[in-house]
Asks: 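My questions will all concern the structure given below.
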Amino acid sequence: MLNSLFFKVLMVTTTQLTLILITVASIFLIFILVAIIKMYKLKAENKKLMETSSIKEEEETYTDFTNGHLYGDN
């Protein structure tokens with residue numbers, strides 16, 4: 001009797017299983033969409049940072065320090 005009661009509790013209908021699978025798939029779909037949105041935002045921010053750093057590098061000019069007092073070119 002206890003054995004049959006145990007199996008009746010564990011019985012899952014196809015409708016219940018379908019609803020559970022749809023719920024889990026929806027949650028994972030939301031996680032994937034959030035990750036894709038964050039990826040595009042990070043990519044845009046990285047592109048913006050790379051553009052500003054390249055402009056900053058162009059503004060800095062190189063100064064040749066080899067003509068110092070160590071070489072006797074005073």
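Just the heavy atoms: all of them, side chains too, but no hydrogens, waters or symmetry mates, feed the values below.
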Asks: Ignoring hydrogens, what is the shortest heavy-atom contact between L17 and V12? Give both atom names and the distance.
Replies: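 So the two residues come closest at N-CG1, 4.0 Å.
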Asks: How many angstroms lie between CG in L42 and CG in L49, if you round to the nearest 0.5 Å?
Replies: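 One finds 10.5 Å between CG of L42 and CG of L49.
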Asks: Checking side-chain contact (heavy atoms from CB on, under 4.5 Å) against F31, which of I27, L33, V34 comes through?
Replies: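 The side-chain contact (heavy atoms from CB on, under 4.5 Å) with F31 is passed solely by I27 among I27, L33, V34.
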Asks: What's the spacing between K38 NZ and E45 CD if we round to 0.5 Å?
Replies: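 Nearest 0.5 Å value for the NZ-CD distance: 12.5 Å.
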Asks: Atom CG in L21, atom OG1 in T14: separation rounded to 0.5 Å?
Replies: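 With rounding to 0.5 Å, CG (L21) is 11.0 Å from OG1 (T14).
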Asks: Return the minimal non-hydrogen interatomic distance between Q16 and M11, and the atom names on each side.
Replies: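 Distance-wise, the nearest heavy atoms are OE1-O, 4.2 Å.
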Asks: Quick check for you: to the nearest 0.5 Å, what is the distance between E51 atom CD and N46 atom CG?
Replies: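 Atom-to-atom, E51:CD and N46:CG are 10.0 Å apart.
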Asks: Is the shortest heavy-atom distance from the side chain of I22 to the side chain of T18 under 4.5 Å?
Replies: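 Yes. Closest side-chain heavy atoms under 4.5 Å.
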